[in-house]
Amino acid sequence: MTASGTPASTGPASVPHLDVDPFDMRFFADPYPAHQRLREAGPVVYLDKWNVYGVARYAEVHAVLNDPATFCSSRGVGLSDFKKETPWRPPSLILEADPPAHTRTRAVLSKVLSPTAMKQVRDRFAAAAEERVDALLDKRSFDAIADLAEAYPLSIFPDALGLKPEGREHLIPYASVVFNAFGPPNELRQQAIARSAPHQAYVAEQCQRDNLAPGGFGACIHARVDDGEITATEAPLLVRSLLSAGLDTTVNGIGAAVYCLARFPDQWQRLRDDPTLARNAFEEAVRFESPVQTFFRTTTREVELSGATIGEGEKVLMFLAAANRDPRRWDRPDSYDITRRTSGHVGFGSGIHMCVGQLVARLEGEVMLTALARRVAKIEITGEPKRRFNNTLRGLDSLPVTITPA
Ligand code: OVV
């Protein structure tokens, strides 16, 4: 049956067919009514626009994420099936890999971004957050995206990686290409890839061992070559993963948190009253806005999922953002509540591929929200927020605000 109740004429029977295009500008402008339709249509749906299965309920998104043998990543986590199409760039050795290949590369990045590594950078990250907030308090009125959500991660993450100062303007554009490329061959993806050459050239060069400062995350990855954990060919590609996934994601995570706190003054007041809530306020923003909206998996065999039969070699689109607001899983899912028990949200994924950089993201979010809570009395939105359109990332292009000192 289609969502309108008529029998489907093509495609798999027994699952509801929907005509929604989750990569359309109108969808991005307000995804929530469509997320509800997707969840309500059934546990598994079929999207005729792109010929893929979809899961939007928490239980099924969680189940797919936690069965990586059936729902694999090595055929790509975008719409493109690497078994049928040549990837636009050499595949990621961690994101686009399955066990056993994934296990070793994951262990390397997991160690490089470990709790111990966070201890080493914490004071620097916190001082930079305080400096940024002080500079913004001098301005009073600014763009919370360019001047805060982008400026703060740009002031710490490239240095933490060990990148040279020149060419850093390529970092966000490169990540934007990466996340657009997970989508279907729409205008966003095609334009992004068409213009990607200078960004790709920059990134490839910076991933080389000689271009990464000692002590940084990049040098730490290359150091694993010396004890034989990875090869000299693998190291630059693992550095590439940090350049791909480490910056634009936190830009949109911090942007989401500031946008939430600016829109919901009662939650801002609670954070001011108790700045130790900063880490959970950030986590709740990741649940509420889901900066990474979707990922795909590919089935390695015929599988039954919640009564639906999915054949081998099918793409399954996971709506992380819809799962994070599924009323079957969350009380008052559409409320931003900084004291909510956020654990279990899938904004960072779940299972063996769950965000390997999550401690970096949380550290950045925590220290920035702590600095804001301690120094700022009020955040007011003073102009129309503008949305940034990307096939995978959800966030704003601009958010005009005025802040008042505490
Ligand atoms: C999670 C993620 C997003 C984008 C790129 C990569 C990972 C990568 O490993 O390159």
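One-based numbering, in listed order, for ligands and for the atoms of each. All residue numbers refer to positions in the sequence shown, counting from 1.
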- Under 3.5 Å, side chain of Asn280 to main-chain N/O of Ile338, donor-acceptor pair present? yes

- In order of chain and number, which residues sit within 4.0 Å of ligand 1 by heavy atom? Arg89, Ser92, Ile94, Leu95, Val178, Phe179, Phe182, Ser241, Ser244, Ala245

- Ring centre gap for His353 and Phe348 strictly below 6.0 Å: no

- Task: Find the distance between CZ (Arg106) and NZ (Lys111) and round it off to the nearest 0.5 Å.
- Result: 13.0 Å

- Query: Does the ring centre of Phe296 sit less than 6.0 Å away from the ring centre of Phe182?
  - Reply: no

- Those residues at least two apart in sequence (or on a different chain) that pass salt bridge (charged side-chain N to carboxylate O under 4.0 Å, His left out) with Asp227 are Arg224

- Would a line drawn from the ring center of His170 to the ring center of Tyr174 be shorter than 6.0 Å? no

